[in-house]
Structures are given as C-alpha cells and as structure tokens.
Amino acid sequence: MLKQIHDILIEKIQLRKRQKDIFEKVQVGDMLWCKMPLSKKELSEIETSHRVRPYLIVKKEKNFLLCYQSTSKNRENLNNYERYCIKAGKYKNKKDSWIDLTNIEKIRIKDIQLEFIKLNQIDIKKIEKRITIGQNKGNSQLIRFNEPIYIEEGDLILRNQISYYVYAEDNVNIYCFKIQKRKRENQKLEKIIINGKSYYTDFRELRTIKRNENVVINNIAYTEELLAILNQKKSLKASAYNKFQENRKREQGEFEIGTVFQYGNSKVMYLYSRDNRYYGVDLLWYTIKPRIFEIKEIQKRKIIGTKHLKELNKILEFLLERNSQTKEINQIYKYVRSLLFSSTI
C-alpha cells in the first residue's frame with residue numbers, strides 16, 4: 001500500500017514537473033493539449049475522450065495561459081470571422097482543428113497535458129484579422145496577438161465610413177470596389193454575398209488604397225463566396241472589354257490596342273489612330289528611345305500577336321514615366337489600368 005502511495009506521489013511530481021517545463025518554454029502562437037478548465041462536476045458530464053482539447057495561446061501570464069479553444073468539429077453555428085480552420089495537412093495532423101474565436105479560456109499549469117503544434121505567421125495573421133473583426137463587432141473580451149493586420153482578397157473594409165470589397169492586392173496597395181448594404185429602386189446594382197450577408201455593387205467604383213492607410217476590417221468572405229464574386233466580375237469585365245473593343249474597331253479600323261506587327265527587323269505595337277493615321281511603339285527600342293511614331297502602310301504589315309493587358313500596362317507606364325505621353329496615351333493607360341485591376345485573373 002505504501003509503495004502504491006509512493007508511486008502515485010512520484011508520478012504526480014513528475015507530471016507537475018513536465019507541466020511546468022512545458023509552461024516555461026511555451027510561447028504565444030503555440031497550441032497545447034490541455035484539460036478543459038471546468039469543475040469536476042462539469043467534466044463528468046463530458047465524454048472522457050473530449051475532455052482534453054487543443055488550445056491556442058494568445059497571452060502568457062505568470063501562472064496561467066489565456067487561450068482560444070479548438071475542436072475537430074466545424075463550428076458551423078459561428079460566423080466566418082468567429083472561427084478558423086487549422087488544416088491537418090499543413091501541420092501533419094490527423095484531423096483539421098477549428099479554433100473558436102469568440103471566447104477566452106484561462107488555462108492553469110495543472111491543466112496542461114502535452115505540446116501540440118506551433119502556428120506559422122500566415123495562420124497567426126489570418127486569426128488576428130478575425131479576432132479584430134470580433135472586437136470591432138463589440139466582443140471586447142477578446143485578445144489579439146498584436147500582429148499587423150494583412151488585408152487580402154475577400155475582405156470587407158471600411159474607410160471614411162464607406163464600405164469596400166477587396167478584389168486584389170499587392171505588397172503596397174489593396175484594390176477595392178465600393179459596396180453598399182441596400183440599393184434604391186433606380187440603382188442598377190449586382191447583389192454579392194459576403195459571409196452570408198447581401199451587399200450591392202456595380203463593380204465599377206474602383207479604389208486603390210495604400211496598405212499604410214487607416215482602414216477597419218469588417219468582414220471576410222467564404223472561399224465559395226469569393227469565387228462567386230470573382231465570376232460575377234469576370235462576366236462584367238468581359239462584357240465591358242468586348243464593348244470597348246467593338247467601339248475601338250468602329251472608330252479606328254480593325255486593329256485592336258496591343259496588336260503587334262512585324263516592322264522590318266523590329267516589332268511594332270499598335271496603340272491608336274488619328275486622322276486616318278496609325279500610331280504605335282517600337283518594342284525593340286522603346287526602352288532606349290521612348291517615343292510614339294506613325295506606323296506606315298499598316299494594312300500591309302504582318303500581324304504576329306497581341307499583348308496581354310499586363311504587358312500593355314507596363315509599356316504604357318514606361319512611356320508615361322519618360323514623358324512620351326500624348327492625350328491618347330493617357331486615355332489608353334487609364335482604361336487599360338481599370339481593366340487590369342478589375343480583372344479577376
């Protein structure tokens with residue numbers, strides 16, 4: 001009997017030491033297996049295999065951890081910004097883990113069981129964004145990681161009390177179109193769905209916002225919603241682009257902006273026509289001699305291709321930067337840029 005008591009005491013001492021060791025080295029952003037911080041009576045009402053769960057550490061205090069609880073079950077009753085899925089394949093786990101971002105749990109050292117995983121910065125930033133939305137919605141008890149918020153495609157933001165949907169982004173800017181919650185009878189707007197809620201837009205009121213500008217993150221679209229919005233934009237963009245090309249053909253003949261011709265030993269890209277004359281840029285020499293010149297006998301020239309919008313935009317930017325600009329070049333640049341940054345490709 002005494003030996004049994006002794007063994008039990010030794011086991012408890014060793015367990016406490018392991019728990020303290022884990023606590024000492026664990027950091028914010030780590031996930032641990034912990035016993036649910038409930039009373040014995042509350043735990044008795046929970047299935048034994050579910051009493052230990054992964055917890056995401058968001059703050060470390062002197063003798064306890066503040067965490068968000070996770071489970072292998074998708075919390076479908078929660079909003080898109082109130083939960084986050086840790087994909088099994090990314091961390092070589094057996095199952096996906098869904099983190100509940102609506103409530104902070106206090107984990108004592110004696111509730112710690114085992115180390116689980118350390119989240120990468122991408123997941124931390126995506127979780128941080130959702131916590132911030134929860135705070136903006138009024139859940140003041142939530143705790144952030146104090147990471148900068150990274151805005152990306154699919155986000156709904158507020159700037160100067162105006163709502164925007166982010167359809168593209170790069171390291172410097174985010175590209176948005178204006179949205180609104182309601183539409184008047186005389187407005188011709190498309191309905192889009194973000195996190196199960198309806199919004200309205202014409203996809204045309206575009207804004208470029210610097211990443212360092214002050215914006216409020218307000219919602220996040222589900223992947224399937226993001227794809228649906230993408231397809232709506234594609235259809236509208238294709239329709240607008242086709243209409244633009246038809247108008248250009250009527251005004252300027254059969255040549256499209258960006259059409260490339262063989263021109264002696266060089267290649268020439270067509271840009272615009274004026275007074276029955278056709279103008280373009282020499283693709284071989286434009287970086288050395290940035291100028292627009294007349295393409296003579298254009299009807300006899302061999303067409304060898306058409307520049308993609310991205311390539312066309314870069315060439316136009318170069319010409320404008322080198323002051324090789326005309327009224328026509330400015331107009332073409334503005335329109336090509338609007339098409340490019342309303343592109344969903």
Side-chain angles (χ1 to χ4, degrees), residues 68 74-87 96 98-102 122-139 142 144 147-170 173-211 213-240 338-345:
Y68 292 102
N74 185 354
R75 300 292 180 87
E76 294 183 355
N77 61 311
L78 299 180
N79 268 307
N80 191 25
Y81 58 81
E82 293 177 326
R83 54 182 168 157
Y84 186 72
C85 181
I86 303 298
K87 295 294 183 180
D96 291 346
W98 290 87
I99 301 176
D100 184 339
L101 300 172
T102 63
I122 293 174
D123 281 325
I124 290 292
K125 287 180 183 295
K126 289 178 180 289
I127 291 169
E128 179 83 321
K129 182 160 55 181
R130 285 160 170 80
I131 295 170
T132 304
I133 295 173
Q135 290 178 329
N136 293 339
K137 298 290 186 182
N139 194 342
L142 299 180
R144 283 182 53 180
E147 289 283 337
I149 300 301
Y150 190 84
I151 306 298
E152 60 188 336
E153 183 181 358
D155 292 346
L156 188 160
I157 61 171
L158 287 174
R159 179 174 175 267
N160 298 330
Q161 302 304 311
I162 299 174
S163 295
Y164 297 97
Y165 177 83
V166 179
Y167 63 82
E169 41 93 12
D170 57 34
N173 301 315
I174 52 177
Y175 304 98
C176 319
F177 55 78
K178 185 179 175 182
I179 60 175
Q180 58 192 62
K181 290 184 178 179
R182 299 174 184 84
K183 71 169 182 175
R184 296 186 293 274
E185 289 184 7
N186 61 338
Q187 287 183 302
K188 294 181 180 180
L189 302 176
E190 297 283 332
K191 182 169 79 172
I192 61 173
I193 305 297
I194 303 173
N195 193 20
K197 295 183 178 181
S198 297
Y199 297 88
Y200 298 90
T201 182
D202 60 6
F203 291 104
R204 292 185 176 88
E205 292 192 57
L206 306 180
R207 297 289 184 277
T208 299
I209 300 174
K210 297 290 185 184
R211 284 198 173 277
E213 291 186 42
N214 186 30
V215 300
V216 176
I217 178 74
N218 202 42
N219 216 332
I220 302 174
Y222 286 100
T223 301
E224 57 271 23
E225 293 172 342
L226 188 152
L227 293 174
I229 294 169
L230 231 91
N231 288 331
Q232 286 176 271
K233 282 184 82 276
K234 272 185 180 180
S235 298
L236 186 65
K237 181 233 173 182
S239 176
S338 72
L339 287 174
L340 179 60
F341 286 108
S342 66
S343 173
T344 56
I345 299 174

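Not measured: the values here are computed from a predicted model.
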Trace of the side chain to side chain contact (heavy atoms under 4.5 Å, CB included) decision for R204 with K178: CA-CA 8 Å; R204 292 185 176 88; K178 185 179 175 182; over 6 Å; no

What verdict does the side chain to side chain contact (heavy atoms under 4.5 Å, CB included) test give for R83 and C85, after you've listed the backbone C-alpha separation in whole Å, the side-chain angles of each residue and the deciding distance to 0.1 Å? CA-CA 7 Å; R83 54 182 168 157; C85 181; over 6 Å; no

Worked verdict on I194 versus I179 for side chain to side chain contact (heavy atoms under 4.5 Å, CB included): CA-CA 11 Å; I194 303 173; I179 60 175; 4.0 Å; yes

Mind running side chain to side chain contact (heavy atoms under 4.5 Å, CB included) on Q180 and L189 for me, showing each step along the way? CA-CA 10 Å; Q180 58 192 62; L189 302 176; 3.5 Å; yes

Report the C-alpha distance between D155 and Y164 in whole Å, list the side-chain angles of each, state the deciding distance to 0.1 Å, and finish with yes or no for side chain to side chain donor-acceptor pair (under 3.5 Å). CA-CA 8 Å; D155 292 346; Y164 297 97; over 6 Å; no

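For the pair N80 and R130, the minimum side-chain heavy-atom distance is below 4.5 Å. At least one side-chain heavy atom of Y84 sits under 4.5 Å from a side-chain heavy atom of K126. Counting only heavy atoms from C-beta outward, the side chains of D202 and Q187 never approach each other to under 4.5 Å. The shortest distance between side-chain heavy atoms of D100 and E82 does not fall below 4.5 Å. Contact annotation: the side chain of I157 approaches that of V215 to within less than 4.5 Å [non-hydrogen atoms, C-beta and beyond]. When side chains are defined from C-beta on, L156 does not count as touching I220, because their heavy atoms never get closer than 4.5 Å. Proximity of I174 to E153: side-chain heavy atoms (C-beta onward) are nowhere separated by under 4.5 Å. At least one side-chain heavy atom of I192 sits under 4.5 Å from a side-chain heavy atom of Q232.
Of all non-hydrogen atoms in Y175 and N173, the two that sit nearest each other are OH-ND2, 3.4 Å. In plain terms, the two heavy atoms of S163 and L158 that are nearest each other are OG-CD2, 3.1 Å.
Taken from OH in Y81 to CD1 in I131, the straight-line distance is 13.5 Å, to the nearest 0.5 Å. Annotation: the span from Y167 atom OH to L226 atom CG amounts to 13.5 Å, rounded to 0.5 Å. Atom CD1 of residue I133 and atom CG of residue N139 lie 12.5 Å apart, to the nearest 0.5 angstrom. Atom-to-atom distance recorded for L227:CG and K234:NZ is 9.0 Å, nearest 0.5 angstrom. In this structure, the separation between CD1 on I127 and CD1 on I99 is 4.0 Å, given to the nearest 0.5 Å. Distance check: E205 CD to C176 SG gives 12.5 Å after rounding to the nearest 0.5 Å.
Residue Y199 forms a side-chain contact (heavy atoms from CB on, under 4.5 Å) with just one option from I229, I193, N219, and that option is N219.
In summary, R211 and E169 engage in a salt bridge, as defined by a charged side-chain N under 4.0 Å from a carboxylate O. Looking at E147 and K129, no side-chain N of the basic residue comes within less than 4.0 Å of a carboxylate O on the acidic one, giving no salt bridge.
When atom types are taken as modelled, the side chain of N231 and the backbone of A228 share no donor-acceptor pair closer than 3.5 angstrom. Between the side chain of N214 and the backbone N or O of R159, no donor-acceptor pair lies under 3.5 Å. The main-chain N or O of Y222 is found under 3.5 Å from a side-chain atom of E225 such that the two form a donor-acceptor pair.
Surrounding NZ of K87 are at most 12 heavy atoms belonging to other residues, nucleotides or ligands under 6.0 Å away.
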